[in-house]
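Working notes for the structure below.
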Amino acid sequence: MTGLDESARRALAWPGTPLKPVEDCTPEEARRQYLDRFADKQWPLEGVGEVLERQAGGIRLKVWRGRHAPRGRQPALLYLHGGGWVIGAPETHEDICRNLANAAGAVVVSPDYRLAPEHPFPAAIDDCVGALIWMNEQAGALGIDPTRILIAGDSAGGNLAAVVALLARDGTLPAVIGQVLIYPVTDQRQTSESYYRYAQDFGLTAKGMRWFRDHYIPEGAGGVDWRASPLLAASLKGVATAFLVLAGHDVLFDEGHAYARRLEAEASCTCRIWPGQIHGFVSMGRAIPEAREALDAIVAAWRRMDPAFGP
């Protein structure tokens, strides 16, 4: 494991009962295991100004208002949680959402989108699209400025955020001011070199990613639909400005880096790489101090994307 940060080594060796590999679980077992253990390496939850739950189209949405986000036309973030489209919920990424709400003085919304295999592709996309439309329709009640909505997500959520940003580019959805993609899935073919280089021993495994993909994408679809693999989109021209966070020791590194290069060439993108880090490190603040660096970088990028923040 040459080149790993010491904090990443610590996270990989974190004390406690070892998790059963996700590829050896049923979806129900994987969800239960994740919900039981997701908080082990996370920061204690920060206090925020307000926490709400709402419903839109049968989907639960969780809302956090930052401590310094008074009601009014505040900036807002639509955050799409990771979990391979099979596991996870707004609560499993609440540490990130609360931190960003406080740091940006903003309102953060996270939808409890439907999970596979019960609800395969493109159900999660449809729910995230619905969440963005709901934020625009409810802007007054939420106290947000609908012209200042950023979209973000990690891993599978980064995949969903990239897809929704492209749909917004095409004019089928309300516009977003930018996109933040944290170690996103961009190519469901899973053939990049990093799938072999980091296939095991670095947290997320190649076998685990195949398990997630095969539950999400209907058999025979192959992942070549750009809404599953945004790297395969015909053009990224005109999509919202992007900020990518990548971990150097991650099966998803190469496809994330390839997407960043396309965004740099066809749109606008800044990519920050943490070379010695592993997939999921931004959700491991208790074990990995570099998580705070990444969140600070995200807030700084958000401020650059939204000139209404001011100096």
Side-chain angles (χ1 to χ4, degrees), residues 1-14 18-25 30 34 41 82-88 153-162 180-217 222-224 226 228-233 236 242-265 269-284 287-291 293-294 297-298:
M1 295 196 287
T2 304
L4 267 184
D5 290 344
E6 184 56 38
S7 58
R9 294 176 186 273
R10 183 168 58 247
L12 289 169
W14 200 254
L19 295 177
K20 185 178 179 181
V22 68
E23 61 269 21
D24 295 333
C25 295
Y34 190 43
K41 304 184 191 75
W85 312 276
V86 178
I87 63 178
D154 66 286
S155 194
N159 167 275
L160 296 169
V180 172
L181 311 179
I182 306 171
Y183 26 79
V185 179
T186 68
D187 187 353
Q188 301 281 11
R189 294 173 298 180
Q190 301 187 356
T191 56
S192 67
E193 177 58 31
S194 58
Y195 262 90
Y196 303 94
R197 195 162 60 245
Y198 306 117
Q200 59 185 20
D201 300 326
F202 297 95
L204 179 65
T205 66
K207 286 183 178 179
M209 274 305 304
R210 284 193 290 273
W211 184 90
F212 285 123
R213 179 196 61 192
D214 291 348
H215 280 93
Y216 178 53
I217 299 175
V224 295
W226 72 264
S229 297
L231 184 61
L232 304 183
L236 305 183
F243 181 70
L244 268 74
V245 170
L246 301 180
H249 288 63
D250 180 4
V251 293
L252 302 182
F253 175 78
D254 284 352
E255 64 194 73
H257 198 221
Y259 198 63
R261 290 197 301 269
R262 278 200 64 189
L263 285 165
E264 289 165 359
C269 175
T270 301
C271 181
R272 281 283 305 274
I273 300 169
W274 275 259
Q277 280 306 322
I278 57 176
H279 189 84
F281 80 95
V282 182
S283 293
M284 301 180 190
I288 299 180
E290 289 84 356
E293 293 178 12
I298 288 168

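Here the structure is a predicted model, which is why all the values come from computation and not from measurement. Residues: numbered from 1 along the sequence shown.
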- In terms of heavy-atom contacts, K20 and D24 come closest through CE-O, 3.1 Å
- Can you see which heavy atom on G208 is nearest to which on V22, and at what distance? CA-CG1, 3.7 Å
- For the pair M284 and W14, evaluate side-chain contact (heavy atoms from CB on, under 4.5 Å) and give the outcome as yes or no after the intermediate values. CA-CA 11 Å; M284 301 180 190; W14 200 254; over 6 Å; no
- Task: To the nearest 0.5 Å, tell me how far C271 SG sits from R261 CZ.
- Result: 9.5 Å
- Of the non-hydrogen atoms in Q277 and A8, which two are nearest, and what is the gap between them? OE1-CB, 3.7 Å
- Item | Contact check, side chains of V86 and W211, non-hydrogen atoms, under 4.5 Å | yes
- Item | Side-chain donor-acceptor contact under 3.5 Å, S194 with E255 | no
- Query: Within a strict 4.5 Å, meaning less than it, do heavy atoms of the W274 and E293 side chains meet?
  - Reply: yes
- Message: Treating H279 as the side-chain partner and H249 as the backbone partner, does any N or O pair qualify as donor plus acceptor under 3.5 Å?
- Response: no
- Message: Within the structure provided, determine whether L4 and F202 are in side-chain contact (heavy-atom separation under 4.5 Å).
- Response: yes
- Working for side-chain contact (heavy atoms from CB on, under 4.5 Å), residues Q190 and R210: CA-CA 8 Å; Q190 301 187 356; R210 284 193 290 273; 2.9 Å; yes
- Nearest atoms (heavy-atom pairs only) where L244 meets L263: CD1-CD1, 3.8 Å
- For residues V282 and A294, report the shortest heavy-atom separation together with the two atoms involved. CG2-CB, 3.9 Å
- Euclidean distance, Y196 OH relative to D254 CG, rounded to 0.5 Å: 11.0 Å
- Please tell me if the side chains of I288 and K41 come closer than 4.5 Å, counting only heavy atoms from C-beta onward. no
- Task: May I ask you to decide if the ring planes of Y216 and W85 are parallel, tilted or perpendicular, using 30° and 60° as cut-offs?
- Result: parallel
- Query: According to the interplanar angle, ranging from 0 to 90°, do the rings of F253 and H257 count as parallel (below 30°), tilted (30 to 60°) or perpendicular (above 60°)?
  - Reply: parallel
- Nearest heavy-atom approach of P230 to A162 is CG-CB, 4.0 Å
- Task: Kindly say whether S229 contributes a backbone atom to a donor-acceptor pair with the side chain of N159 at under 3.5 angstrom?
- Result: no
- Message: Is there a side-chain contact between S7 and E290 in this structure, where contact means two heavy atoms from C-beta onward sitting under 4.5 Å apart?
- Response: yes
- Item | Side-chain (D250) to main-chain (L252) donor-acceptor, under 3.5 angstrom | yes
- Message: What I'd like to find out is whether the side chain of T186 reaches to under 4.5 Å of the side chain of L181, using heavy atoms alone.
- Response: no
- Side-chain contact test, heavy atoms from C-beta onward, threshold under 4.5 Å: evaluate it for L236 versus Y259 and give yes or no. yes
- Message: Does I87 form a side-chain contact (heavy atoms from CB on, under 4.5 Å) with F212? I'd like the steps, not just the answer.
- Response: CA-CA 9 Å; I87 63 178; F212 285 123; 4.2 Å; yes
- Query: Which distance, rounded to the nearest 0.5 Å, do you find between the CG of L232 and the CH2 of W226?
  - Reply: 11.0 Å
